[in-house]
There are 2 protein chains.
Amino acid sequence: MTPRQNRQRDRGIPEATVARLPVYLRALTGLQEREVATVSSEELAAAAGVNSAKLRKDLSHLGSYGTRGVGYEVEYLVYQISRELGLTQDWVVAIIGVGNLGRALAGYGGFASRGFRVAGLLDADEAIVGQEISGKTVAHIDRLEEMIAEHGVSIAVIATPAGAAQGVCDRVVASGVTSVLNFAPVVLSVPEGVDVRKVDLSIELQILAFHEQRKAGGPGDYEPVAGGGEDPPGPAQYVEAVEA
Amino acid sequence: MTPRQNRQRDRGIPEATVARLPVYLRALTGLQEREVATVSSEELAAAAGVNSAKLRKDLSHLGSYGTRGVGYEVEYLVYQISRELGLTQDWVVAIIGVGNLGRALAGYGGFASRGFRVAGLLDADEAIVGQEISGKTVAHIDRLEEMIAEHGVSIAVIATPAGAAQGVCDRVVASGVTSVLNFAPVVLSVPEGVDVRKVDLSIELQILAFHEQRKAGGPGDYEPVAGGGEDPPGPAQYVEAVEA
DNA sequence: AACTGTGAAAACGTTCACAGCG
DNA sequence: CGCTGTGAACGTTTTCACAGTT
């Protein structure tokens, strides 16, 4: 019973901040393409959909990379965030389960564009094995361990049906993978030291439904949320309005 | 922002709790299928990947639906959570963008199984319009407003390329939709009163990469998660540990 | 006796407001 | 001056620990 003695080292970046760094990075690369050289916290925050105080606090966890009176140098900040996120090295990914979703993932440009390299696609269905998807030939799931070892896979993306997910997870973990991105609608059990992140469609929809239900009375009729009008139209991340 | 004018009603369930209710619901329906009649907070928490104190606190926001000394009646709790989430009514969904991802979404069983009905699929690409996907014919994006009005769409799922997302979003919002699930890798701007939730693959991968990087090579700066190993191996939601 | 429901405490996250620097 | 970086205030979420109920 001693979790209270958790004295976190200063090197530790808050989890909430880590989750936003990729958003900042995307906003920054957008600026980079438009050849913007420097950006203020206010501008970058607007592009990322957060407020500027939060942005500055987040960046302050990485170090002092801004210039007072001026702002942040885009190029430099891109590099610093990339380095912090571990994107200056390549990560090898395996996608397991090549149904509709796995196919979508295989073709997703965002993978390759940052340092994520898809080493292979695997499926249990004989009808799918051997097909070529986005330039990769689908291998049989039996070759999972072999592929992980051979290509040095460090991130497994599980896009199998729910029933198969835990078994696949156990196998990738046994092969030494310690990072799993799970699309199957199940709670995966993993040993300590393994990170699991979950993406769950139906959960997102249910959360929306909850808020939708709370809005003005019936369908087709909604309140233009008058009143204070204090908020600027900016932050889009999660705008919530409560009915009158 | 206007923090001072934010007098929250007691009816308000904390956002963190709302986000977990769907997970509990899924665990409960699993129990229901196995014909379990009652469940303790400890058992249900394990199935949902959280600890029991959190589960009890969460459920306490909905009301007193348990029985001391016994636990929760599965059927009853399923109903109460469903009602709270607004799943006792049907929600009409439109999927905009029928690429690989849109196709995956269209075929996703989790939609129909809860009360989400896909009213239509829309795309701008003439080559895709007219195709039949999961029993629905893809309509042209021009008919977006018509479809929203006709079918009473209340949730829009945006699965378009990044460049098209904001435009589509503006159109659905103009048509009265106040809930948007966004898969495009952009920050959407919406007026107050509109809820946007974002699902972003590449962000999830980058977060994993961050933690992965900290495992192997870190500058020897970690705490060996001391303590008497109080934590059961249970909670899988986001297990993080740094180890040798 | 077993288990829920909940105040109180601790941890975590956000926002404010301004000192300090370019 | 303008803007960053940050201590301090505030708000939210988690955890603890036990009173209360069946």
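Letters A, B, ... mirror the listed sequences (proteins, then strands); counts begin at 1. Predicted model only: the values in this text are computed from it and were never measured.
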message = At 10 degrees resolution, what angle do the end axes of the helix from dA1(C)-dT22(D) to dG22(C)-dC1(D) form when each is taken over five base pairs?
response = 0°
key: Arg56(B) CZ to dC18(D) P, straight-line distance once rounded to whole Å   = 14 Å
query = Is Leu105(B) close to Val157(B) at the side-chain level, that is, under 4.5 Å between some pair of heavy atoms?
reply = yes
message = What I want to find out is whether Glu15(B) reaches Arg20(B) closely enough, with some N-O distance under 4.0 Å, to be called a salt bridge.
response = no
task = Compare every heavy atom of Val177(A) with every heavy atom of Val194(A), then report the nearest pair and how far apart it is.
result = CG2-O, 4.3 Å
inquiry  = Within residues 65-75 of chain A, which residues have any heavy atom lying less than 4.0 Å from an atom of DNA chain D?
reply    = Tyr65(A), Gly66(A), Thr67(A), Arg68(A), Gly69(A), Val70(A), Gly71(A), Tyr72(A)
message = dT15(D), OP1 or OP2 - any side-chain N/O from Asn51(B) closer than 4.0 Å?
response = yes
request  = Determine which pairs satisfy side chain to side chain donor-acceptor pair (under 3.5 Å) with at least one residue from residues 26-36 of chain B, sequence neighbours left out, and list them in order.
outcome  = Asp200(A)-Arg26(B), Ser202(A)-Arg26(B)
request  = Give the rounded distance in Å between these two atoms: CG of Leu44(A) and P of dG5(D).
outcome  = 12 Å
request  = Flag yes if more than 12 heavy atoms outside Glu75(B) fall under 6.0 Å of its CD atom; otherwise flag no.
outcome  = no
inquiry  = Between P on dC12(C) and CD1 on Ile13(A), what's the gap in Å once rounded to a whole number?
reply    = 16 Å
query = Between Ser179(B) and Glu212(A), does any side-chain donor sit less than 3.5 Å from a side-chain acceptor?
reply = yes
inquiry  = In whole Å, I'd like the distance from the CD atom of Glu42(A) to the P atom of dC1(D).
reply    = 18 Å
Presence of Arg20(B) side-chain N/O under 4.0 Å of dT14(D) phosphate oxygens OP1/OP2 = yes
key: Residues, nucleotides or ligands: over 12 heavy atoms within 6.0 Å of Glu42(B) CD   = no
ask   = Below 4.0 angstrom from OP1 or OP2 of dC3(C), is there any side-chain N or O of Ser40(B)?
value = no
inquiry  = Can you measure Lys54(B) atom NZ to dC12(C) atom P for me and round it to whole angstrom units?
reply    = 12 Å
message = Does Arg83(A) form a side-chain hydrogen bond (donor to acceptor under 3.5 Å, both in side chains) with Thr88(A)? I'd like the steps, not just the answer.
response = CA-CA 5 Å; Arg83(A) 199 172 48 83; Thr88(A) 50; over 6 Å; no
task = Nearest-nucleotide wise, let me know which of Thr17(A) and Lys57(B) is further upstream toward the 5' end of DNA chain C.
result = Lys57(B)
key: Rounded distance in Å - CD (Glu15(A)) to C1' (dC12(C))   = 12 Å
inquiry  = Can you measure Leu55(B) atom CG to dG5(C) atom P for me and round it to whole angstrom units?
reply    = 10 Å
inquiry  = Looking only at the aromatic ring of each residue, does the gap between the centers of Tyr65(A) and Tyr72(A) stay below 6.0 angstrom?
reply    = no
